[in-house]
Amino acid sequence: LLITQTMLEECKKYNVSNFQITLDGHRNRHNQVRFISKTKGSYDKIVENIKLCLKNDISVVVRINVSEETLSDLLHIITDFEDLTEIEREILNFLFHEVWQEEKELEVDISTIVDQYRKHGLATSYIDENSASIYNSCYADKINQATINYNGEVFKCTARDYTPENSDGILTEQGDILWNDKFHDRMYKTRFQNQPCLSCKILPLCNGGCSQHRLEHKNVPYCIYNFDENKKLNIIKEKFFTRMHHSDSL
Ligand code: SF4
């Protein structure tokens, strides 16, 4: 929302080449959640700024949070990006993200919408919270990421409550992070421990889900795709259709 041409000039000096910008649905839905004032939503300004980034040759991942309420309107977003040039389209990618609170299966509806985006020349990929692939893994799965709460508690996953039981460590008075057992379980002990993954054909793509999922299913054999071979096949197909980034294209 706050991006300006001056800011982009400055970013380019420091080789910033990519932004991820979130939309919470089409105009009405987004503006209900994110507004500038009581009467002004932020949707149009954000769309304008996404285009400004593209004009400045900065690539943008537009993350669209998908929930049951946002679903019906998602096709309207396509119209707002119809005026893009071919070159601008090359560096824009829509990433549909099922928000983690949702328990409903939205996958089928989403894949129809994804198809429409692609038909209109907009690169689109779809992930749900658990299916972070190796390429697209969550920041919480990276060893040097830490979210530090106001009280010094340190967390990896930001999709769970910031409670002492969920914390991965603590920030000391000296400014060091003292990681706890949960951190070690997350980063090392639960890795490649889930038996079904070890004989799964898409393990190299899937990685058995994110570290939070691993932790929460520590001693129970699981599959983030419910052992459904068709869903796994879709992951492979998606890999072919998805243009995540220039260097990742197949
Ligand atoms: S078994 Fe399921 S979770 Fe494990 S790698 Fe295969 S698809 Fe992923």
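All heavy atoms count here, side chains included; hydrogens, waters and symmetry mates do not. For ligands, and for the atoms within them, numbers begin at 1 and follow the listed sequence. From a predicted model like this one, the values you see are computed outputs, not experimental measurements.
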Report summary line: shortest atom 3 (S) of ligand 1-to-protein heavy-atom contact is with I224 N, 3.4 Å
Report summary line: Ranked by distance from atom 7 (S) of ligand 1, the top protein heavy atom is Y225 CD1, 3.5 Å
Query raised in the report: Considering only heavy atoms of L203, which atoms of ligand 1 have at least one such atom less than 4.0 Å away?
Result: 5 (S)
Query - Cationic N near anionic O, under 4.0 Å, R29 to D24 - result: no
Requested in this report: Rounded to the nearest 0.5 Å, what's the gap from SG on C223 to CG on N194? Could you check?
Outcome: 8.0 Å
Query raised in the report: At what distance is the nearest protein heavy atom to atom 6 (Fe) of ligand 1, and which residue and atom is it?
Result: C200 SG, 2.3 Å
Report task. Could you tell me if any non-hydrogen atom of G208 lies under 4.0 Å from any atom of ligand 1? Result -> yes
Query raised in the report: Under 2.8 Å from atom 6 (Fe) of ligand 1, is there an N/O/S atom belonging to C197?
Result: no
**Report entry** Element-labelled atoms of ligand 1 that are located less than 4.0 Å from some non-hydrogen atom of I202
**Finding:** 7 (S)
Query raised in the report: Taking 4.0 angstrom as the limit, do E229 and K232 come out as a salt bridge?
Result: yes
Query raised in the report: Side chains of H30 and D73: donor-acceptor distance under 3.5 Å anywhere?
Result: no
Requested in this report: Tell me whether C206 has at least one N, O or S atom under 2.8 Å from atom 8 (Fe) of ligand 1.
Outcome: yes
Query raised in the report: When rounded to the nearest 0.5 angstrom, what distance separates SG in C157 from CD in E216?
Result: 7.0 Å
Query raised in the report: In terms of side-chain heavy atoms, does T190 have a donor or acceptor partner in D185 at a distance below 3.5 Å?
Result: no
Query - Heteroatom test (N, O or S) for C223 near atom 2 (Fe) of ligand 1, limit 2.8 Å - result: yes
